[in-house]
Number of protein chains: 2
Amino acid sequence: MSDSKIKNMEGFSAVSGISRPTLSKYFNDPASVRKSTREKIEAALEKYDYRPNIYAVNQNRRQTKNIGLVVPNLTDPFFAGIARTIEGLIVKAGFNPLLLSSHGGPEQELSNLNSLRSIKPAAVLLAPLGRASLADQVATFAEEVPTVLFDANLEGIGEAFFGSDNDQSINLIVDYLCRSGEPPVFFGMKTPINPNAYKRQSAYIAAMKRLGHEPHLIQVDGEGWNFEEIGFQEGAKLLTGPQLPTNTILCSNDRLAIGMLSAAYENGIKVGLGAQATLRIAGHDDHPFSRFTCPGLTTVSQDYDAIAARSVETILALIDSKRGLKGREEALFEGRLEMRGSA
Amino acid sequence: MSDSKIKNMEGFSAVSGISRPTLSKYFNDPASVRKSTREKIEAALEKYDYRPNIYAVNQNRRQTKNIGLVVPNLTDPFFAGIARTIEGLIVKAGFNPLLLSSHGGPEQELSNLNSLRSIKPAAVLLAPLGRASLADQVATFAEEVPTVLFDANLEGIGEAFFGSDNDQSINLIVDYLCRSGEPPVFFGMKTPINPNAYKRQSAYIAAMKRLGHEPHLIQVDGEGWNFEEIGFQEGAKLLTGPQLPTNTILCSNDRLAIGMLSAAYENGIKVGLGAQATLRIAGHDDHPFSRFTCPGLTTVSQDYDAIAARSVETILALIDSKRGLKGREEALFEGRLEMRGSA
DNA sequence: TCGTAAAATTTACGCGCGTAAATATTTGGA
DNA sequence: TCCAAATATTTACGCGCGTAAATTTTACGA
């Protein structure tokens, strides 16, 4: 590679023998130039290291190639995982993902959206905080920038929503728990941030009734995203308190369940399916760590490959079509039962 | 807020009654204009919603306000946590953090650096993959862009390195383990990605010798970042294989330990300090989940607040001074023992 | 009140690239 | 071989802002 520094497209035009407008076309879409010129350009790119100045590019393009990706909390491996999957899909589509985490705070969520606004993204994929989200302002944003929601829905906001079918997944695990032992109580937070938690609670009640059992809700206090801690603290209270109507607890999500498993262990309560076990605990989400809890956590996995794929697909269609979809799209994907040792 | 859309600084100059060059000064540094004009500008900003086009700004500025932040794997909550801390510090300093994850792959690491290059960052904070990093190319990058390494060192690359004092922290936990029970064997990977793993191994050997014990290394196969899985698989082999010389295992990091705890549980081996326990397991790093394992994982926490603070401090100094530091800076921070139930 | 330093305004240019229009060249099939 | 369609080149302008130089206005102390 020659080391003569090329500072702009004009310079690269000189050394490559291709006119600047043609180069501009090439960089916008390599397929838009004739094969022979494309090869000439690529040969020159091998020889001279040049890349268009992205600031100049984006200043002039009607539409940037940026796609914003906002998740509620990157510290949660669940979101880290889905973010990674989505990033990969965005890159594969020739766009540039910009990953931001709201760190559990609605102000940060808005600040993320505002940062994105000044980056003029072609579109945004948003997994909102949920109940805590400042819905009005998120809605305003979504009217200006094509936005697709995933994981958690904000009613009517954005062009589409893709998430999990909580009815199906909760049915699945309630069925399993009832079939294999005592019907479960449902352990969740009193005022959960995540709208999925509400849906799961309702789904639990419906599933129990369908099976002819009395639903039993345990709703604990606690704010924030420290779910393991909440599961631990409140789980300890629960397990050392008055006798439950059953030996089976279905937690609203895996992180609560992980905390509760820890509480059970601390209190000498054996969890699992064996003869000596006196408690069964199940979760929801198939958190990356659920395979390694003691015992392994029985849970239901979300089909987040499908959620990711569909979200990106839709956002790309949205970008292509320039104008919004006809009506707000919504799709829920089914979960799969992950049977492990805890229930 | 009036809704007359202002599309550029000239328009905002018109409605605010402040000349464009003065506005430009203000946006670069609000303190650089007289208080009275600053107030006029800010009053106008309240009224008319205008923000400079960041692409135009960055095209013309000698130096952008971007600071790149590259971590090896965001799926690991440890890195997600430190990334979050560093992001906060960067924002507080008036810069714009760009977070990228290498997803455990050296190609991705380079591709991240290349993405950053075209963003013309003022500086980059890099937690390299370690052994897997393509050192030559990372070095080339670091010569072009002011770079500070943290967490894992690449000898001689970048302007500075900040990490943990593995000698101190391993000493701390080996001391503790020997003091409170049988001396530990060291469980790690044969060819670890992370250079810290090598340092910890050496530190373990030195600590054991210092205390007059025979070091005993267990080095297992395994590639990639699936540490829990490796800890689980290899832990199972270890625990069901020939008798160990001791009942105490010190793992190279918490994620291995978490996997091993799971393997112990599966095999009916009781871990902990109690009378019925036959195995002690300790880790290193104080992973966010280590509090919730069963039993809680005894480990040593890294002072990553200090590492983050010092890294950002240095990168800001580097940006200020324009030219590099006098000599490569290095500092190691001490760990703290976290005693829990597992050892 | 005046004088001077500090700050704001006016004017003007350049950054690197997108893009449009007119023109020239190449391509591939009849 | 020729011709129309496809593609490339030439020329030129604009994007929104940084920044420099010359000039005018403002602030503030003696």
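Here is how names work: the chains are called A, B, and so on, in the same order as the sequence lines, proteins then strands, and each is numbered from 1. This is a predicted model, so every value here is computed, not measured.
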B:Lys65 atom NZ is separated from D:dC17 atom C1', nearest whole Å, by 16 Å

Which of C:dC15, C:dG16, C:dA12 is nearest the side chain of B:Arg20? It is C:dA12

Practice prompt. May I ask you to evaluate whether B:Ser19 reaches the phosphate of C:dT10, defined as a side-chain N or O under 4.0 Å from OP1 or OP2?
Written response: no

- Within the pair A:Tyr50 and C:dC17, is there a side-chain N or O less than 4.0 Å away from OP1 or OP2? yes

**Message:** Measuring to OP1 and OP2 of C:dG18, would you say a side-chain N or O of A:Lys25 lies under 4.0 angstrom away?
**Reply:** no

Whole-Å distance, A:Arg38 CZ to D:dA6 P, equals 17 Å

From CD of B:Gln59 across to P of D:dG16 the rounded distance in Å is 12 Å

In whole angstroms, the gap separating C1' of C:dC15 from CG of B:Asn58 amounts to 12 Å

Looking only at D:dG18, C:dC17, C:dC15, the nucleotide nearest the B:Asn28 side chain is D:dG18

A:Arg34 has its side chain closest, among D:dG18, C:dT11, C:dT26, to C:dT26

**Request:** Could you tell me whether B:Arg310 and B:Glu329 have a side-chain N and a carboxylate O separated by less than 4.0 Å?
**Result:** yes

> Is a salt bridge present between B:Arg328 and B:Glu330, judged by a nitrogen-to-oxygen distance below 4.0 Å?
Replying inline: yes

Taken to the nearest whole Å, OH/B:Tyr26 to P/C:dT9 is 15 Å

Exercise. Tell me what B:Pro21 touches on the nucleic acid: a base, only sugar-phosphate, or nothing, going by heavy atoms under 4.0 Å.
Key: base

Between CD1 of A:Ile54 and C1' of C:dG18 the distance, given in whole Å, is 15 Å

Using side-chain heavy atoms (C-beta onward) and a distance below 4.5 Å, is B:Thr85 in contact with B:Asp305?
yes

**Item:** Short N-O contact, A:Arg117 and A:Glu144, less than 4.0 angstrom
**Value:** yes

Separation of C:dA8 atom P from B:Asp29 atom CG, nearest Å, is 12 Å

Whether the side chain of A:Ser102 engages the backbone of A:Pro72 through a donor-acceptor N/O pair (distance < 3.5 Å, no angle test) should be reported. no

- Ignoring backbone atoms, test whether B:Thr37 places a side-chain nitrogen or oxygen under 4.0 Å from the OP1 or OP2 oxygen of C:dA8. yes

*asked:* Please tell me if A:Thr22 has a side-chain N or O lying less than 4.0 Å from either OP1 or OP2 of D:dA8.
replied: no

Looking only at C:dC15, D:dG14, D:dT19, the nucleotide nearest the A:Asn60 side chain is D:dG14

By nearest-heavy-atom nucleotide on DNA chain C, the more 5' of A:Leu23 and B:Ser36 is B:Ser36

B:Ile41 atom CD1 is separated from C:dA8 atom C1', nearest whole Å, by 10 Å

- request: Remember a base hit wins even if backbone is also touched, and classify A:Gly11 as base, sugar-phosphate or nothing at under 4.0 Å, heavy atoms.
  value: nothing

